[in-house]
Amino acid sequence: AVERTLSIIKPDAVAKNVIGEIYTRFEADGLKIIAARMMHLSQIEAESFYAVHRERPFFNDLVKFMISGPVMVQVLEGDDAIKKNRDLMGATDPQKAAKGTIRADFADSIDANAVHGSDAPETAAVEIACFFPTLNIHSR
Ligand code: CMP
């Protein structure tokens with residue numbers, strides 16, 4: 001089915017100047033960028049985006065990293081978009097990410113892991129709404 005997913009190119013990958021290379025991977029796999037914005041997240045924005053992880057031991061480091069520089073946030077649309085994007089990204093820990101995935105190629109650590117992608121339809125809807133009012137999404 002056609003799905004939408006939220007993708008974030010994290011501060012490490014933006015600093016490495018690989019936004020275009022990552023966009024090319026999305027497009028080559030049939031994912032369409034239907035909304036995008038570059039932003040430097042505030043502490044509040046990063047904490048609320050990652051609210052589900054609030055009790056995890058890595059929460060503070062994660063938030064600190066996510067506000068360390070600009071990020072590129074986009075909505076990807078396509079057949080099976082959520083899984084497709086997660087396959088393109090590779091495992092959360094870049095050490096465990098399969099060869100040829102975004103994280104294997106561009107990530108340095110579990111926090112500086114280049115990209116985020118929604119993990120399920122419910123979280124995708126919440127995450128998209130977090131950054132994009134519907135009038136800023138351009139599916140056609
Ligand atoms: P992301 O997909 O953005 O979702 C939460 C982030 O927390 C994850 O990618 C990692 O960058 C970061 N993180 C740090 N430590 C861990 C951990 N032990 N397990 C999962 N995520 C972690």
Side-chain angles (χ1 to χ4, degrees):
V2 175
E3 292 174 341
R4 291 177 180 177
T5 189
L6 188 89
S7 157
I8 301 179
I9 300 179
K10 296 188 181 186
D12 57 320
V14 172
K16 280 184 181 162
N17 206 23
V18 293
I19 294 171
E21 286 194 49
I22 293 172
Y23 271 24
T24 297
R25 293 181 186 213
F26 296 152
E27 292 176 344
D29 209 27
L31 294 173
K32 188 173 177 181
I33 296 151
I34 60 167
R37 61 191 287 214
M38 184 175 252
M39 52 196 301
H40 196 143
L41 298 176
S42 67
Q43 172 114 4
I44 299 283
E45 286 169 329
E47 285 177 355
S48 56
F49 180 75
Y50 280 122
V52 292
H53 296 304
R54 190 161 279 153
E55 304 305 327
R56 308 286 289 276
F58 57 81
F59 182 72
N60 287 339
D61 285 344
L62 171 63
V63 168
K64 203 194 262 184
F65 173 68
M66 289 300 287
I67 66 174
S68 68
V71 296
M72 192 72 195
V73 187
Q74 43 282 326
V75 178
L76 307 177
E77 184 180 74
D79 211 46
D80 208 13
I82 295 166
K83 179 174 189 297
K84 221 175 229 185
N85 181 44
R86 291 182 72 81
D87 289 347
L88 286 174
M89 291 194 298
T92 305
D93 179 353
Q95 307 265 42
K96 296 178 186 149
K99 237 179 156 174
T101 60
I102 293 169
R103 283 166 171 159
D105 290 345
F106 302 120
D108 299 320
S109 70
I110 197 159
D111 281 312
N113 67 348
V115 279
H116 166 83
S118 310
D119 62 2
E122 303 70 35
T123 44
V126 170
E127 291 180 3
I128 289 169
C130 184
F131 291 113
F132 298 100
T134 50
L135 81 177
N136 293 323
I137 294 177
H138 305 278
S139 190
R140 65 187 94 194

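In each ligand, atom 1 is the first atom listed, and ligand 1 is the first ligand listed. Not measured: the values here are computed from a predicted model.
Results of the side chain to side chain contact (heavy atoms under 4.5 Å, CB included) test with Ser42 over Glu45, His40, Met39 single out Glu45 as the only residue that passes.
Formation of a donor-acceptor pair under 3.5 Å by the Arg54 side chain with backbone atoms of Phe59 is not found in this model. A donor-acceptor contact shorter than 3.5 Å is absent between the side chain of Arg103 and the backbone of Ala97.
The residue among Asp93, Ile110, Asp61 with a heavy atom at the shortest distance from atom 11 (O) of ligand 1 is Ile110. Here the shortest heavy-atom distance to atom 14 (C) of ligand 1, taken over Val63, Leu62, Asp111, belongs to Asp111. Of the candidates Arg56, His53, Arg86, Lys10, Lys10 brings a heavy atom nearest to atom 9 (O) of ligand 1. With atom 21 (N) of ligand 1 as the reference point, the heavy atom nearest to it among Phe59, Phe58, Phe49, Phe65 is part of Phe58.
Contact between Asn113 and Ala107 at its shortest, heavy atoms only, is CA-CB, 3.4 Å.
Assignment of Tyr50 to the shell around ligand 1 is supported, since a heavy atom sits closer than 4.0 Å. Residue contact annotation: Met89 has no non-hydrogen atom under 4.0 Å from ligand 1. In this structure, Arg103 has a heavy atom closer than 4.0 Å to ligand 1.
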Can you check side-chain contact (heavy atoms from CB on, under 4.5 Å) on Lys96 and Asp93, steps first, answer last?
CA-CA 5 Å; Lys96 296 178 186 149; Asp93 179 353; 3.9 Å; yes

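In this structure, CG in Leu76 is found 5.0 Å from OG in Ser7, a value given to the nearest 0.5 Å.
In terms of N/O distances under 3.5 Å, ligand 1 is approached by Asn113. In terms of polar-atom proximity, Thr92 is not counted as a contact of ligand 1, lacking any N or O under 3.5 Å from an N or O of the ligand.
In this structure, Phe49 and Phe131 have tilted ring planes: the angle between them lies in the 30° to 60° band.
Within ligand 1, the atoms closer than 4.0 Å to a non-hydrogen atom of His116 are 1 (P), 2 (O), 3 (O), 4 (O), numbered from 1 in the order shown.
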